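The block underneath contains the structure these notes are about, expressed in C-alpha cells.
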Number of protein chains: 2
Amino acid sequence: MSGRTTGPVRLLLADDEHLIRGALATLLSLEDDLVIVAEAASGPEALSMARAHEPDVAVLDLQMPGADGVKVATSLRAELPGCRVLIVTSHGRPGHLKRALEAGVRGFVPKTVSAQRLAEIIRTVHAGNRYVDPELAADAIAAGDSPLTAREAEVLELAADGAPVAEIAERAALSQGTVRNYLSSAVSKLGAENRHAAVRLARQRGWV
Amino acid sequence: MSGRTTGPVRLLLADDEHLIRGALATLLSLEDDLVIVAEAASGPEALSMARAHEPDVAVLDLQMPGADGVKVATSLRAELPGCRVLIVTSHGRPGHLKRALEAGVRGFVPKTVSAQRLAEIIRTVHAGNRYVDPELAADAIAAGDSPLTAREAEVLELAADGAPVAEIAERAALSQGTVRNYLSSAVSKLGAENRHAAVRLARQRGWV
DNA sequence: CACTCCGCATGACAAATGTCAGACGGTGGT
DNA sequence: ACCACCGTCTGACATTTGTCATGCGGAGTG
C-alpha cells in the first residue's frame, strides 16, 4: 500500500554535528535493508540533498543552522510528498512535537533511543505508519495547547531577550500600555511570577 | 613517556544520548588501537564506571544529568590521576572551556568534528598532549575572564530564573538595596540593557 | 436585528527595579 | 603607621514595570 518498489530503504541523514551524523550513518548502514543516499549539515542543505536524491525517509535533527527540522519537513511535504520525515532531537519540547505533526512529520524520537531501535522506527515510518516517542507524547499532552493569543505570543517573544517595554512597543507598533497589558495577561495565563519567568515557561513548553 | 604499558587505548564513553554513545562506541571500536571498556549515561555513573575499569582516556559529554563533564573531570583528577579526560560538547560556551582546563581536562572538542578526527585527538591526549578546538579557543580568548566579582555572579545567578529582588535578597541574606546594587554593577560591566539581558550574556559566555 | 462574548487597545495608579552618593573594613604599597 | 584602593553594603530618589477599570469593534447566537 505504500506504492513503493521493493528494495532497501533509501535514507537522507541531516544533523549539524558531524560526529553524530557520521556515526549514525555507519551504524545504520550495518542494517541490510537501509542505505544512506545523502547527508546534510544544515536545513537548506538537507532540502537540496533531498531534491537531488529523492530519499524514501528523511531523518532530520530538530535543531540545525539555517532552517530547523520542522521547517525542512514543511518544504519537503510540498516538494516530495512521497518522502516520509522522521525527526530526531536532543531536547524534546512539547510544542515542537505539535508543530512537527502539523507539518506532516511521521515520526518523532529523542536521541536517547538506541540505534537498533531507531532502525526499527525507520522501518515503521517507511511502512506508512507513524511513531511518536511515548514519553514525549505524554509531555505534549500534559502541556496542552498554548493559551496565548497571537498578539500575546508575539509580544512575549519580543520580550524574550530582556528588551524594555519601550523597545517592544516600537517593534510591535503598539503603545507601551498595551504591551504591558499583553505581557500581564500572558504572565497570568502561564501562572508565572513576572514576564521573564513567563518567557522561560513558554519556551519550555514550546509555545514561543 | 606516558608511563603506560603498550597495547590498545582503553576508553570510557559517557553521554546521556544513547543514540550517540552507541554509534560512537561502534565507530571508535573500528580503530585497531582503541577499545571501549565502559559506557555511562550520567555523571555519577561515569564516575563509578571509571573506578571499576580504570580507563586510559575518559571521553565525557559536557552536559549530562547528575553531574556535568567538568564536575566528573574534577573528581577523576583526584581519584584516578592516570586517567586523561577529553570533553566533547554540542554547544561550546567559552567559560566552560576555561573551567574545564582548570579541572585538568586534557582535550576539549565540539561534536562537529568527524569520528576519524576524534580518534586522532584521543591518541593525542593519550600520548600526554593537550588538544583544544581552535575555534572554541578563539572564542574563549575573545570572551576573556569574567569581570564579575563573586557576589555579583552569585546574585546574577539567583536572578537567572526571573525571581524578584525581594526573593534574591532573602536567598542571599542581603538587603534589597544591596542586591540592586550588585545587579546594577553586573549589568554595566556586561554592557547589558538590564539584568535579564545580563543573565543571557553571562550564560552565553559561561560566566554563571 | 439586538445581544453577548472575546480579543484588542488605552491611560492612571501602585509596585518593583535601576541609579546614585556615600559609609565601612580589609589589603597592599609607601 | 599611614594612605589609597577595592569590594561590600546601605538608604533615598527617578524610572520602569505590573495591575486595574474601561472603551471599541468584530464573531457567533438567539
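Naming convention: chains lettered A, B, ... in sequence-line order (proteins, then strands); numbering from 1 in each chain. All figures in this text were calculated on a predicted structure; none of them were measured in a lab.
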task: Using a heavy-atom cut-off of under 4.0 Å over every strand shown, decide if S184(A) touches base, sugar-phosphate, or nothing.
output: base
field: Short side-chain N/O contact from T149(A) to OP1 or OP2 of dC6(C), under 4.0 Å
entry: no
query: Which whole-number value in Å describes the distance from R151(B) CZ to dG26(C) P?
result: 15 Å
- prompt: Is there side-chain contact between L86(A) and L118(A), with heavy atoms separated by less than 4.5 Å?
  reply: yes
query: Rounded to whole angstrom units, what separation is found between the NE2 atom of H196(A) and the P atom of dG18(D)?
result: 6 Å
- request: Remember a base hit wins even if backbone is also touched, and classify R180(A) as base, sugar-phosphate or nothing at under 4.0 Å, heavy atoms.
  value: base
message: Rounded to whole Å, how long is the line connecting atom CG of N181(B) with atom C1' of dC13(D)?
response: 14 Å
query: In whole angstroms, how far is the P atom of dT17(D) from the CD atom of E193(B)?
result: 10 Å
task: Check whether any side-chain nitrogen or oxygen of R195(A) sits under 4.0 Å from OP1 or OP2 of dG18(D), and answer yes or no.
output: yes
- prompt: If you check every side-chain atom of V165(A), which of dG11(D), dT17(D), dT8(D) has the closest atom?
  reply: dT17(D)
- prompt: Between atom CD1 in I168(B) and atom C1' in dT17(C), what is the gap in whole Å?
  reply: 11 Å
query: Do R84(B) and V9(B) have side-chain heavy atoms sitting under 4.5 Å apart?
result: no
query: Do any side-chain nitrogens or oxygens of T178(B) fall under 4.0 Å of OP1 or OP2 in dT8(D)?
result: no
- prompt: Rounded to whole angstrom units, what separation is found between the CG atom of L156(A) and the C1' atom of dG18(D)?
  reply: 15 Å
- prompt: Salt-bridged, D61(A) to K111(A), with N to O below 4.0 Å?
  reply: yes
Nearest-angstrom distance from the residue atom CG of L183(B) to P of dA16(C): 16 Å
- request: Write down the distance between CD (E154(A)) and P (dA9(C)), rounded to a whole number of angstrom.
  value: 9 Å
message: Heavy atoms from C-beta onward define the side chain here; which of dA21(C), dG11(C), dG18(C) lies closest to that of S175(A)?
response: dG11(C)
